[in-house]
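Throughout, protein chains are lettered first and strands after them, A, B, ... in sequence-line order, and every chain is numbered starting at 1.
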Number of protein chains: 2
Amino acid sequence: MSANSRLTIAAHALAWIGLYQRQGHEVATSEQIASSANTNPVVIRRLLGELRRAGLVESRRGVGAGWSLARELESMTLLDVYEAVEPGPLFAMHRTTPDQGCVVGHGIQPAMQCIYEGIEETVRHELARVTLANVLRDVLAAPR
Amino acid sequence: MSANSRLTIAAHALAWIGLYQRQGHEVATSEQIASSANTNPVVIRRLLGELRRAGLVESRRGVGAGWSLARELESMTLLDVYEAVEPGPLFAMHRTTPDQGCVVGHGIQPAMQCIYEGIEETVRHELARVTLANVLRDVLAAPR
DNA sequence: GGGTGTCGTAACAATTATTGTTGCGACTGC
DNA sequence: GCAGTCGCAACAATAATTGTTACGACACCC
């Protein structure tokens with residue numbers, strides 16, 4: 001199992017801020033978002049910090065501080081979020097370099113690398129097709 | 001970073017066995033493969049055990065024992081290998097269930113689930129396009 | 001029948017990445 | 001000055017994978 005839910009939590013946070021702003025509020029606090037996502041506020045701040053670096057959200061400090069969207073949800077795709085919060089590739093190579101004296105050990109990494117890059121490109125393409133506005137719409141469409 | 005190189009190692013092992021058999025040998029030992037992949041024989045046995053359960057390889061015991069392909073490399077795709085060695089989904093949900101009393105917390109999982117399933121399906125499709133014979137060919141084509 | 005080499009598997013340690021938690025300084029509006 | 005929130009560092013907790021050791025099971029060979 002891929003043990004990282006960073007993309008999921010980041011999308012959750014963005015959808016939450018987006019909805020909150022639609023309801024007329026200026027900013028959302030990390031504590032509110034953390035409560036909705038059932039996690040710790042620091043986890044949210046860390047993730048939102050990365051999204052801020054990518055230009056997707058802004059933060060204010062002081063009393064009445066919090067987070068707001070830097071762009072419309074319509075102009076944000078899951079690929080933007082993915083690139084902001086996921087550091088590495090989808091599939092990993094050997095953790096130790098294989099035996100370069102062996103034909104297979106020598107050729108396997110470039111061969112797999114090439115295949116993996118193609119797949120990652122496809123995934124990126126799929127992620128780019130979904131905007132955060134789409135996500136929020138689907139969230140609100142869930143039956144209760 | 002996705003910390004698991006299982007698919008990579010499994011492809012390495014299959015390519016190694018395939019090449020070894022093309023050179024006229026009957027079976028390959030986990031120690032030979034481990035030496036090429038620069039890892040421990042037990043790691044290889046564990047992976048090959050999962051591939052055996054999926055019907056991709058066979059093993060013999062006793063003196064002169066080892067591993068052999070159960071099917072031609074041409075008829076094996078990376079998807080077969082992926083399904084044999086990767087237990088979970090590509091993207092994970094929240095590790096704790098979000099606040100079901102919150103609209104976003106309630107709707108986020110079905111929304112993301114749906115998106116993720118589409119992407120996984122695409123990845124599977126891509127993996128199914130590559131046979132292990134393709135991989136071995138690319139491995140041998142690597143410049144040295 | 002015993003010796004040998006290899007798989008099969010369990011148990012546990014080591015490593016790595018992520019997530020959770022605490023603490024405290026910085027900033028801003030009142 | 002006070003209160004509320006972010007920013008960030010440090011560290012613990014958790015989980016998954018990988019590495020290692022150990023030993024029994026099995027089959028071939030003599």
Side-chain angles (χ1 to χ4, degrees), chain A residues 1-10 12-13 17 20 25-35 37-53 57-68 70 82 84-98, chain B residues 1-10 12-13 17 20 25-35 37-53 57-68 70 85-98:
Chain A
M1 169 150 60
S2 72
N4 77 344
S5 52
R6 303 163 71 88
L7 181 57
T8 303
I9 304 287
H12 186 142
I17 301 174
Y20 200 57
H25 300 91
E26 285 276 328
V27 297
T29 69
S30 60
E31 184 149 1
Q32 292 171 315
I33 303 169
S35 162
N38 194 12
T39 181
N40 193 292
V42 177
V43 174
I44 300 297
R45 281 185 232 158
R46 278 203 286 243
L47 272 174
L48 288 179
E50 300 179 50
L51 296 183
R52 180 183 47 211
R53 231 168 288 136
V57 300
E58 292 167 346
S59 66
R60 292 209 310 239
R61 305 174 75 167
V63 172
W67 302 82
S68 54
Y82 178 78
V85 303
E86 292 284 356
L90 225 41
F91 300 101
M93 284 297 150
H94 310 62
R95 59 178 9 181
T96 60
T97 68
Chain B
M1 169 150 56
S2 72
N4 77 340
S5 52
R6 303 163 72 88
L7 181 57
T8 304
I9 305 286
H12 186 143
I17 299 173
Y20 199 57
H25 300 92
E26 286 277 329
V27 298
T29 69
S30 59
E31 184 148 1
Q32 292 170 314
I33 302 168
S35 162
N38 193 12
T39 180
N40 193 291
V42 176
V43 174
I44 299 297
R45 282 185 232 159
R46 279 203 287 241
L47 270 174
L48 288 179
E50 300 180 48
L51 296 183
R52 181 183 48 212
R53 232 168 286 137
V57 300
E58 291 166 346
S59 67
R60 293 208 310 238
R61 304 173 73 167
V63 172
W67 303 82
S68 55
V85 303
E86 293 282 358
L90 223 44
F91 300 101
M93 285 297 150
H94 310 62
R95 59 177 10 181
T96 60
T97 70

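- B:R46 comes within contact range of at least one nucleobase, with a heavy-atom separation under 4.0 Å.
- Side-chain N/O atoms of A:T39 include one lying less than 4.0 angstrom from OP1 or OP2 on C:dG20.
- Out of D:dT21, D:dG7, C:dT6, the shortest distance to the side chain of B:A65 is found at C:dT6.
- Picking from D:dG19, D:dT17, D:dC6 the nucleotide with the shortest atom distance to the side chain of B:N40 gives D:dG19.
- B:R6 is linked by a salt bridge (Lys or Arg N to Asp or Glu O under 4.0 Å) to B:E50, counting only residues two or more places apart in sequence or in another chain.
- Judged by closest nucleotide on DNA chain C, B:R60 is the one of B:R60 and A:R45 placed further toward the 5' end.
- The side chain of A:R95 lies closest to C:dT16, out of C:dT16, D:dC6, C:dG20.
- Side-chain contact of B:S30 with B:R45: a donor-acceptor pair under 3.5 Å is present, judged by distance alone.
- The nearest heavy atom of DNA chain C to A:G62 and to A:V43 marks one nucleotide each, and the one closer to the 5' end goes with A:V43.
- Comparing D:dA3, C:dA10, D:dG19 against the side chain of B:V42 picks out C:dA10 as the nearest.
- Contacts of A:G64 with the nucleic acid, taken as non-hydrogen atoms under 4.0 Å apart, are absent.
- Residue A:T29 places none of its side-chain N or O atoms closer than 4.0 Å to OP1 or OP2 of D:dG4.
- Closest approach to the A:R52 side chain among D:dA3, C:dC7, D:dC6 is made by D:dC6 (side chain taken as heavy atoms from C-beta onward).
- Note on ring orientation: taking the six-membered ring where Trp is involved, the planes of B:Y20 and B:H25 are parallel (angle under 30°, cut-offs 30° and 60°).
- Residue-to-nucleotide proximity on DNA chain D shows that, of A:T96 and A:W67, the 5′-proximal contact is made by A:W67.
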Using distance only, find each side-chain donor-acceptor pair of residues 58-68 of chain B under 3.5 Å and give its atom names and separation, not counting sequence neighbours.
from, atom 1, to, atom 2, distance (Å)
B:S59, OG, B:R52, NH1, 2.7

